[in-house]
Amino acid sequence: MCGIVGYVGPRKVVPIVLEGLKHLEYRGYDSAGIVFLEDGALHKYRSEGKLANLEEIMDEVETKSHIGLGHTRWATHGPPTKKNAHPHSDCTGELVVVHNGIIENFQKLRKELQAKGHIFTSDTDTEVVAHLIEEYLEDDLVAAIRRALQEVEGSYALGVMWSKEPEILVAVRNQSPLVLGIKEGGGSFMASDIPALLPSTNQVIFLEDQDLAVLSNEDIKIISLIDGAPRHREVQEILWNIGMAQKAGYRHFMLKEIFEQPQSILNTFRGRLNPESGHVNLPEIGLSEDKIRSFSRISLVACGTSWHAALVAKYWLEKWVGIPVEVDIASEFRYRRLLLGPDVLVIPISQSGETADTLAGLRLAKELGATVIAICNVVGSTITRESHGTIYTHAGPEIGVASTKAFTSQLTAFFLLTLYLAKVRNTVDEATLKQLGRGLLDLPAVIEQELPRLHAELEVLAEQFVQCRDFLYLGRGLNFPIALEGALKLKEISYIHAEGYAAGELKHGPIALIDKDMPVLALVPPDDVYSKVVSNVEEVKARHGRLILVGCARDEHLSDLADDLIVLPAVHPEMHPLLYCIPLQLLAYHIAHRRGCDVDQPRNLAKSVTVE
Ligand code: AGP
């Protein structure tokens, strides 16, 4: 998954593109490049590694150019080297392309183009697009692009420039995100994501698949890539300011986003949850009550942390709505025989709204006639636009690659959905509905209160585990998915091998791992499986495991068992997943930071995996 930025307008292009790329580095960052047009020629600069390396190069470059493109890369084809960094050129060097996505038939196209004499200089799939456009280029760039892309299979967001048409940039979107910006007084922008535009404008246009846009200083014209017919796209005002997408004084985006969780949970239920009755209002679902009552089961589809949110939701939905719920990892869902139909509600969950496997699952579900309602954090993202409806998590931009506030916002959205469905399907009485709603309403203030203490405590505790090589997380019931999530947080940012396990599974194998050097973190909230988890904890203790327990403040028994005890206040038991994940986020954060890892941009990872 890569980052694209383009600009044409009255201002100098290089500072705009570099600043935009800086706000996209979370999308992929193993190489970067920029190109601008000056004195009739294209000037291209590329570098390996972080964007800062390109910025260093550009510090030495004098230019007044007002039109250009930039790119940060997360390698999919070809190692992250300078020659593979975008932009890529045709044989003449007069045409350049930046790309996000995968050209699935690039090998075939490359061979055909080489047979026609085209010389390739990179290992990338992207380069074939530049040479293919060149093949059809006479005196109309748009016509050549439209003709060339008829032969391309795969996903692409493209930015294209040609020195012979020096006043325009061309943007094309097909299954990879691309958003445009416009500015009063002139100037047009393209970017892979909103934060890149916010320093300059909050007036944005979300391109749809097969849109081709021509950007000039004066305006943006959008046509169909397929037949050239004009297409109208609404201009939307983005309420995020760039400050929300910046660190606001925190050492890392991840830490900022952990501390934003009281607000993001509140923002997600604000205006939807009636504080008095516990009734939930979700008009964005866009389904009649009869349709909602017609569903025989629910199918949840997601990846990574979003899949963990789905695992929690299964407990809530089955307990309070009495409907069978299946949960699938999207990359498995899309390749198994799906028994879906109009009686099934399918819910894809995605922070980015661009995860390829989840998007593919969504499309399959729609083909089979299911109703698809997404839970997503990004307005206008592909998953939201291809679903029948979307429940947005109002977490704001999540820049840290490791998901935190988006996760607890997904849980909030799922709990709202649970209350909503329970009311419509009449599976919960009014008193219980009110009590459940109160549990969620009270949560942000509790988290707000506890965060500073937990931050300080976990910073100290983390010191003991900076050198450890393995970690085991245990949980049961609602908190088994939180054990999985805690393990994922630790492994993805500290590179320590960590596993989450159902506590009851310990004796079926993993207990062989337990010795004095194996840290075991167990979630032991006061719930209906408490005594079972305590038994599992005692099994670990008997084998001299290194026990970290997370439990309720008033629990004396746990302090006898634990080597280290993290205490949390009492909250409604259904709210434990949202509260108990927070010390796990902080533990992972502090261990990773102490290990000198790049917390916000962990190695090998990207914020959204828009390729299979
Ligand atoms: C979460 O910390 C990870 N970065 C990753 O597992 C992520 O949750 C997964 O890639 C799904 O992303 P999405 O929610 O944007 O679809």
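Ligands are counted one by one from 1 in listed order, and the atoms in each one are counted from 1 as well. All heavy atoms count here, side chains included; hydrogens, waters and symmetry mates do not.
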Those residues that, when tested against Arg453, pass side-chain hydrogen bond (donor to acceptor under 3.5 Å, both in side chains) (two or more places apart): Glu450, Glu457

Any idea which residues sit under 4.0 Å from ligand 1, heavy-atom distances? Cys303, Gly304, Thr305, Ser306, Ser350, Gln351, Ser352, Thr355, Val401, Ala402, Ser403, Leu488, Lys489, Glu492

Looking at Tyr495, is Arg603 sitting on its ring face, NZ or CZ under 6.0 Å from the six-membered ring centre and within 45 degrees of the normal? yes

For residues 591-612, the ring pair (Phe, Tyr, Trp, His ring centres under 6.0 Å) pairs (sequence neighbours left out) are His252-His593

Just grab all the ring pair (Phe, Tyr, Trp, His ring centres under 6.0 Å) pairs involving residues 362-400, residues at least two apart or on different chains. none

Would you check, one step at a time, whether the test side chain to side chain donor-acceptor pair (under 3.5 Å) holds for Asn377 with Thr393? CA-CA 5 Å; Asn377 192 44; Thr393 51; 3.1 Å; yes

Indicate the ring-plane relationship of His99 and His86, choosing parallel, tilted or perpendicular according to the 30° and 60° boundaries. parallel

